[in-house]
Amino acid sequence: MKPRKIKDRIYWMGSVDWDSRLFDSRIPLPVGTSYNAYLIEGSEKTVLLDTVDPPMADELMSQLEGVSRIDYVVSQHAEQDHSGTIPLVLEKYPDAKVISTPKAKGMLIDLLKLSDEIFITVDDGETLSLGDKTLKFIHAPWVHWPETMVTYLEEDKILFSCDFFGSHIATTDLFVTDEGRVYEAAKRYYAEILMPFRGVIKKNLEKLAPYDLEIIAPGHGQVFSNPKFILDAYRDWTLGAPRNTVVLPYVSMHKSTKLMVEHLVAALVEKGVRVELFNLAVTDIGKLAMALIDAATIVVGTPTVLAGPHPYAAYGTFLANALRPKAKFISIIGSYGWGGKTVETLAGMIPNLKVEIIEPVLCKGVPSEDTFNALDDLAVAIAQKHKENNFI
Ligand code: FEO
């Protein structure tokens, strides 16, 4: 695709990746993604903001064919999907300097083997004049690496945000045209990549609050001409109270655990509690991550196998712990054959979660009447906790 104009002398460059279905070898990309770079031509200096993933380098380099001079390459984030083509850009523009945070400089040297002398590091709030346009660099650490920053173009009121407010969507629409579609993709992006850093994301949102934003231009996905839409969504995901929802990832081998899960789902619904159910043998892990953003309670359903939780249940639990959702309660249900340490193993896997454990329900073999009664009690306990905390 050719460069696309955002405003006078401000262009989107980069690549729309229609084909990729997995990011970082772990994150599903149901509809591909894009790698966004931006060219800003001031009256005196020209800047390229970020680059593209190295497999897409040819596309960016061909977009730069008509650009005779680049004075600065701003690297807002050292991860290679944004920085990986900097070496090629510097080959074409050997006089260009790389602008980054001090921390990013070290990481870019480690990752790309760039030389020390090409860097200009910027402090938080430092500005750079391009003549009639001014860039302000705002350190925004842990979005989602420690070195990240965003860049505000003062005269045009555009925030270039790299991964912040990103979404994995491949589309030819430069600007957001379907907010519902982008909400879904941005929520998935937040859940999978940014939620573990919810505390600092909140501080970064506060830091951006005083800025007058007319456009947000992220490093993945479409450009926001209505920044309020995505800012409001982020405020809800980071600051909003948990909702009256149980997220129930489960796996079953011989149907006993499945029978327990089905009974618990019905009992919870009867008590007025929403449930989002995920069969871990077939689920899209991104959907599970999204559901975890809002859930007040997590219940893991697993049979005991090899003396502990099923490996899929262990993976789902590991993921929940790593993503650090705002859930307040957790429980475990499942069937076992003769023994094991399923509850102890799973309980030991969630040190990051600030949750109260509600009494698990395990049964030997197929569930009995007593098992179903215990599951009814679990549903009552969860509903009660949700009421006490005003989640219902
Ligand atoms: Fe899109 Fe953290 O890279």
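We count ligands from 1, going down the list as the structure has it; atoms in each ligand are counted the same way.
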Handout entry: Between Y35 and D50, a side-chain donor and acceptor under 3.5 Å
Key = no
Problem - D24: side chain to side chain contact (heavy atoms under 4.5 Å, CB included) partners, not counting sequence neighbours - result: R26, E79
Completion exercise
Correct closest heavy-atom pair for P218 and N36 would be O-ND2, 2.9 Å
Practice task
Quick one: closest heavy-atom pair of P367 and L259, and the distance?
Solution key: CG-CB, 3.9 Å
Practice task
Please work out which of the three classes, parallel, tilted or perpendicular, describes the rings of F23 and H168, given edges at 30° and 60°.
Solution key: tilted
Practice task
Take atom 2 (Fe) of ligand 1 as the centre and count protein N, O or S atoms at distances under 2.8 Å.
Solution key: 4
Completion exercise
Nearest heavy-atom approach of T371 to C363 is OG1-CB, 3.4 Å
